[in-house]
K.L.:
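There's a structure below that I have some questions on.
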2 protein chains.
Amino acid sequence: MSGGSTPIRLLLADDQALVRGALAALLSLEEDLTVVAEVGRGDEVVPEARRSAPDVALLDVEMPGLDGIAATAALRAALPTCRVLVVTTFGRPGYLRRAMEAGASGFVVKDTPARQLADAVRRVHAGLRVVDPTLAAETLAAGVSPLTERETEVLRTARGGGSAADLARALHLSEGTVRNHLSAAIGKTGARNRADAIRVAEQNGWLLGE
Amino acid sequence: MSGGSTPIRLLLADDQALVRGALAALLSLEEDLTVVAEVGRGDEVVPEARRSAPDVALLDVEMPGLDGIAATAALRAALPTCRVLVVTTFGRPGYLRRAMEAGASGFVVKDTPARQLADAVRRVHAGLRVVDPTLAAETLAAGVSPLTERETEVLRTARGGGSAADLARALHLSEGTVRNHLSAAIGKTGARNRADAIRVAEQNGWLLGE
DNA sequence: CTCCGACCGTGACATTTGTCAGGGGGCCGT
DNA sequence: ACGGCCCCCTGACAAATGTCACGGTCGGAG
């Protein structure tokens, strides 16, 4: 599979240094792949990519500074020729959708066999799309987030824990409004609690964006 | 650093196949280390260890079947000569304490530089203890869990989300008693919510074993 | 033995939460 | 211009939640 041509240049972004290094070791075993950059924060992706000009970027979703989805969008805008393969811990249905919308070429969860990663990289580099079929089905089933923008924002803020009055202060809203938004979110998620609604929304990846 | 003697035999346990394989690749780069077994579940650690007789086991904490702490205890009981190095995502203060009590020789979080992992393995194999000094300080500061056994159980059950009545049914308690335990837990954790108390207790690693 | 603390329960209370029915205002597509 | 959707607010209500004071049991430490 490894032609004699120049190897594929890779950028790795993951907040956990250990798995970042381990992935680098894993991918460096392949003759046709070479890791040219590693970063631990989402907001370092674009600057580092400018410097090292990778062919493919492997981005984690959970990262400080800038999440992997936003980093994907930024990277696609800055270096359109660089393909993005999102590698994440959680197979949240919404993550896949958002990643694809942001311009990612592939989406792989971290419990896929290690063997398949290099192939995924090659496919992405060749211009193909790589998606976990199981996850794709879930994504179709889960559909788009039913939550309105405000509801999402309230729910995201409520994640930190705090009374409705606290949320109202933080969001410059009336307390009753906050409770209304929460009630709507609870209804739409099928939950029976505020906490439950947060769980559901988080599992589906509906709490990302800015 | 690599003597000519027989290499150190390693067992890897992590639920994410990708990082498991990546860690294997990383550690296999060292001449004096060899990965002899990989498992993805906590309850497969002891059977696989019996078969492959590793010198050191690298265990993740978050695993299906049996968490890494319990797996540590089981492994120490079954094969006392095999050392355990716990490698985990979260630096929960309570995790370190519990791991050490269970008989682990080392504790490493996943955002330590990849370079240090092999050394940690060697130190553990040599009979030394390996602990992140920052985390050790936090553990001392956080102290033991202030929660009583029942309070912990109630809080752990409440994690799944559900009304006080639900918890009462699940635990065969009165609803008032459940609310009392929760109230006590809220007070001890310094939280102002049930959900908040769960967050705090979880962050400190007070909601583990049975 | 006695005391203390963990545990279980009761009942009552104030607060918070979730729900519902309203009433505005703004924006967009028809 | 109209309906429809989202947003914001109000007020009121039932339910759930958190708190408190109180009694009782049981086991272990002094």
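Residue numbers start from 1 in every chain, and the chains themselves are labelled A, B, ... in the order their sequence lines are given, proteins ahead of strands. All values reported here derive from a predicted model rather than from experimental measurement.
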K.L.:
Given C/dC8, C/dG18, D/dT19, which nucleotide is nearest the side-chain atoms of B/S183?
P.N.:
D/dT19
K.L.:
Is there a donor N/O on one and an acceptor N/O on the other, under 3.5 Å, for the side chain of B/N180 and the base of D/dC20?
P.N.:
yes
K.L.:
Quickly work out the A/L147 CG to D/dC7 P distance and round it to whole Å.
P.N.:
10 Å
K.L.:
To the nearest Å, give me how far apart CG (B/L167) and P (C/dG9) are.
P.N.:
14 Å
K.L.:
Rounded to whole angstroms, how far apart are CZ on B/R194 and P on D/dT17?
P.N.:
5 Å
K.L.:
What's A/R192 touching, base or sugar-phosphate or nothing? Going by heavy atoms closer than 4.0 Å.
P.N.:
nothing
K.L.:
Looking only at side-chain atoms of A/E149, point me to the closest of D/dT17, D/dC7, D/dC9.
P.N.:
D/dC7
K.L.:
Can you tell me which nucleotide in C/dT19, D/dT10, D/dC8 comes closest to the side chain of A/S174?
P.N.:
D/dT10
K.L.:
Look at the side chain of B/N193 against the base of C/dT16 and say whether a donor-acceptor pair falls under 3.5 Å; ignore hydrogens and angles.
P.N.:
no
K.L.:
Could you please name the option among D/dC7, C/dC8, D/dT17 that lies closest to any side-chain atom of B/R150?
P.N.:
C/dC8
K.L.:
Using modelled atom types only, decide if a donor and an acceptor are shared between the side chain of B/R76 and the backbone of B/C82 within a distance under 3.5 Å.
P.N.:
yes
K.L.:
I would like to know whether B/F90 and B/E202 meet side chain to side chain contact (heavy atoms under 4.5 Å, CB included); could you show each step before the answer?
P.N.:
CA-CA 11 Å; B/F90 308 103; B/E202 216 159 31; over 6 Å; no
K.L.:
Quickly work out the B/R179 CZ to C/dA14 P distance and round it to whole Å.
P.N.:
15 Å
K.L.:
Any side-chain N or O of A/H181 less than 4.0 Å from the OP1 or OP2 oxygen of D/dC8?
P.N.:
yes
K.L.:
So which nucleotide from C/dC8, D/dC9, C/dG18 ends up closest to the side chain of A/L173?
P.N.:
D/dC9
K.L.:
Counting heavy atoms from C-beta on, name the nucleotide in C/dT16, D/dT17, C/dC8 closest to the side chain of A/S163.
P.N.:
C/dT16
K.L.:
Rounding to a whole Å, what distance do you find between A/L155:CG and D/dC7:P?
P.N.:
13 Å
K.L.:
Give a yes or no on whether the backbone of B/E151 and the side-chain of B/R156 come within a donor-acceptor separation of less than 3.5 Å.
P.N.:
no
K.L.:
Taking all non-hydrogen atoms of both residues, which atom of A/A170 and which atom of A/T157 are closest, and how far apart?
P.N.:
CB-CG2, 4.4 Å
K.L.:
With the side chain of A/T148 defined as its heavy atoms from C-beta on, choose the nearest nucleotide among C/dT10, D/dC6, C/dG18.
P.N.:
D/dC6
K.L.:
Looking only at side-chain atoms of A/I186, point me to the closest of C/dT19, C/dG9, D/dT17.
P.N.:
C/dT19
K.L.:
A/D60 vs A/K110, test: salt bridge (charged side-chain N to carboxylate O under 4.0 Å, His left out). Steps then yes/no.
P.N.:
CA-CA 10 Å; A/D60 192 1; A/K110 279 188 182 165; 3.5 Å; yes
K.L.:
What is the distance from CG of B/D166 to P of D/dA15, rounded to the nearest Å?
P.N.:
16 Å
K.L.:
Provide, to the nearest angstrom, the distance between the NZ atom belonging to A/K188 and the C1' atom belonging to D/dC6.
P.N.:
9 Å
K.L.:
Rounded to whole angstroms, how far apart are CZ on A/R169 and P on C/dT16?
P.N.:
10 Å
